[in-house]
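Inspection log for the structure reproduced underneath, given as structure tokens.
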Number of protein chains: 2
Amino acid sequence: MTQDVKETFGSPGGSLAAKVRTLAPSMTRSMQRVAEAVANDPGGCAALTVTGLAELTGTSEATVVRTARLLGYPGYRDLRLALAGLAAQQQSGRAPAITTDIAVDDPLADVVTKLAYEEQQTLADTAAGLDTGQLGAAVGALAGARRTDVYGVGASGLVAQDLAQKLLRIGLIAQAHSDPHLAVTNAVQLRSGDVAIAITHSGSTGDVIEPLRVAFEHGATTVAITGRPDSPVTQYADHVLTTSTSRESELRPAAMSSRTSQLLVVDCLFVGVAQRTYETAAPALAASYEALAHRHRTNPR
Amino acid sequence: MTQDVKETFGSPGGSLAAKVRTLAPSMTRSMQRVAEAVANDPGGCAALTVTGLAELTGTSEATVVRTARLLGYPGYRDLRLALAGLAAQQQSGRAPAITTDIAVDDPLADVVTKLAYEEQQTLADTAAGLDTGQLGAAVGALAGARRTDVYGVGASGLVAQDLAQKLLRIGLIAQAHSDPHLAVTNAVQLRSGDVAIAITHSGSTGDVIEPLRVAFEHGATTVAITGRPDSPVTQYADHVLTTSTSRESELRPAAMSSRTSQLLVVDCLFVGVAQRTYETAAPALAASYEALAHRHRTNPR
DNA sequence: GTCACAGATGAAAGATATTTTCGGTTCGGT
DNA sequence: ACCGAACCGAAAATATCTTTCATCTGTGAC
């Protein structure tokens, strides 16, 4: 009946597997082979020397080291250490795993379970991969901003609106733009002390990059929320917040998991800003709550 | 406030600490110093090279290696790997100490962890509480609908738009309405064979109930997605999908968790409908993907 | 189709880290 | 004080990791 879907917090290997997925597109073929090997069997790889791993993946030592660097470690030695830790974690925490994709003939109960599980996974990965330094910088900029513009189209457009709505609720001046022309028109008005935020999973959505570029060139502080930290949008971003990229299937397109991931980042931004501006945010939140109360019919028992 | 994280010398670190205690008598003075350092701070020592650890303990590399051997490892390299694993385990052991609400003075890292955790919780609760019978009925209605209207205002409005976007992608005719007047105007057009969906957390949002009532009275199949299964909105709903209502705090208003919950329900609806109409849904999904491809700049390596 | 170029790749040289060797030192017993 | 045994660390030897650089491969321009 109701499957047990709790206890999935912080999937052991999630952090690294997610990193591999996020970075895979920016990797070369051989590096991908190495990354895959490492993600699939952290423990096994931890037991290998550079040379061993190079042979196993049919590449060279140099490539292994390059991959380690790309994954954020100073060198192979450190990757290996991290791998050992990961393996130990996996060992201790049982790895349940509903690995199967959602199939066309899955009963609805399974669909619910799998979707919930995958979204939980996405959240854990995102939280693990979020750079709190960058987040802090973005929060600081937002908290002190004269005004804030948020750009996003398609599914990301809704996330952009969500963020703008939230910021408005704590007394900030924020606006979301889905229309690329209006977005650029508005971006021209920004200047130092303003903040512009672009939300795009692929990081290559021209309609979103353009207004961010304009804002950037006019001196605004710019933030990019993207799943591809090496994508074009980051060129014009002072701060980059990375969302996780999870496995996608035909019935669960990327748009779905990227939205979950983006919303978590947006929530973090919101709470961060609310903390920093607590003096003004708290009364503003209360006020907006009050203002909406009369839109609700009296609630029956 | 930061949770108390007492060092519970449990099973994970016990193995090594115990070994040290057992073997200590048979160790020479310098080796004891090394063993002690390793037992006290596995993580810290894992970060050191032989030379580093030798200096730290005021001994030599040879002694460190000898100690490693005595502890049962082939050499220092392997001890170091084990140490890293141990540290990771200890680390993960203290993780689930996130029972507290988000506080104003929480560091950002905690905010991220807590938010992710709470949203995961919300997802699990929603999945557990979702009535698959009602869901199936709603999916059936959607799959066969001539057209579908989705109503939602405020935060729920974004969810409504998300659902409409998704349904459009698989070739259905769907529209989201945030403007209550336009929503009612549109609802009047609905008739048997059409579907109207109202999304409201409180279930008492007049602006959303009204169009649903009109749709209901005109013979459309009506669905309510709400956190209050006993609220006014359900009066006019043929099928009720319940979202979970989780604890809210000042810094994490209800709107935030209800959104997560609503989106999961919406995703389930979407996937359910996509399954039932797979023949037409799959090509439609592919087509919409294709159509958007050219909006993305080519990605750099 | 060919050419030129940028980037990817691996072999080997170079730098570090680990292990072993070996001689000096300490300490207890006589 | 002397002897022997165990302890210890400096430095050589080895293994491992990192960097460099020449070659190769795929891509786009013409």
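Reminder, nothing fancy here: chain letters follow the sequence lines and each chain counts from 1.
Rounding to whole angstrom units, CG of residue A:L70 and P of C:dA8 are separated by 11 Å. Here C:dA11 presents its P atom at 10 Å from CD of A:E55, a figure rounded to the nearest Å.
Although no hydrogens or angles enter the test, the distance criterion places no donor-acceptor pair under 3.5 Å between the side chain of A:Q161 and the main chain of A:A176.
A salt bridge links A:E210 and A:R213; the closest N-O separation between the charged side-chain nitrogens and carboxylate oxygens is under 4.0 Å.
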5' to 3', nucleotides 8-20 of chain D under a 4.0 Å protein heavy-atom cut-off (B base, S sugar-phosphate only, - none) gives BBB-----SBBBB
Please list every donor-acceptor pair under 3.5 Å in which a side-chain atom of residues 185-192 of chain A meets a protein atom from a residue at least two apart or in another chain.
from	atom 1	to	atom 2	distance (Å)
A:T185	OG1	A:H181	O	2.6
A:N186	OD1	A:R147	NH2	2.9

Let me have the donor-acceptor pairs involving side chains of residues 45-60 of chain B, under 3.5 Å, with sequence neighbours excluded, atom names and distances please.
from	atom 1	to	atom 2	distance (Å)
B:T49	OG1	B:T51	N	3.4
B:T49	OG1	B:G52	N	3.1
B:T57	OG1	B:L53	O	2.9
B:T57	OG1	B:A54	O	3.3
B:T57	OG1	B:T59	OG1	2.9
B:S60	OG	B:T63	N	3.4
B:S60	OG	B:T63	OG1	3.3

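When all heavy atoms are compared, the tightest approach of A:S156 to A:I199 is CB-O, 3.4 Å.
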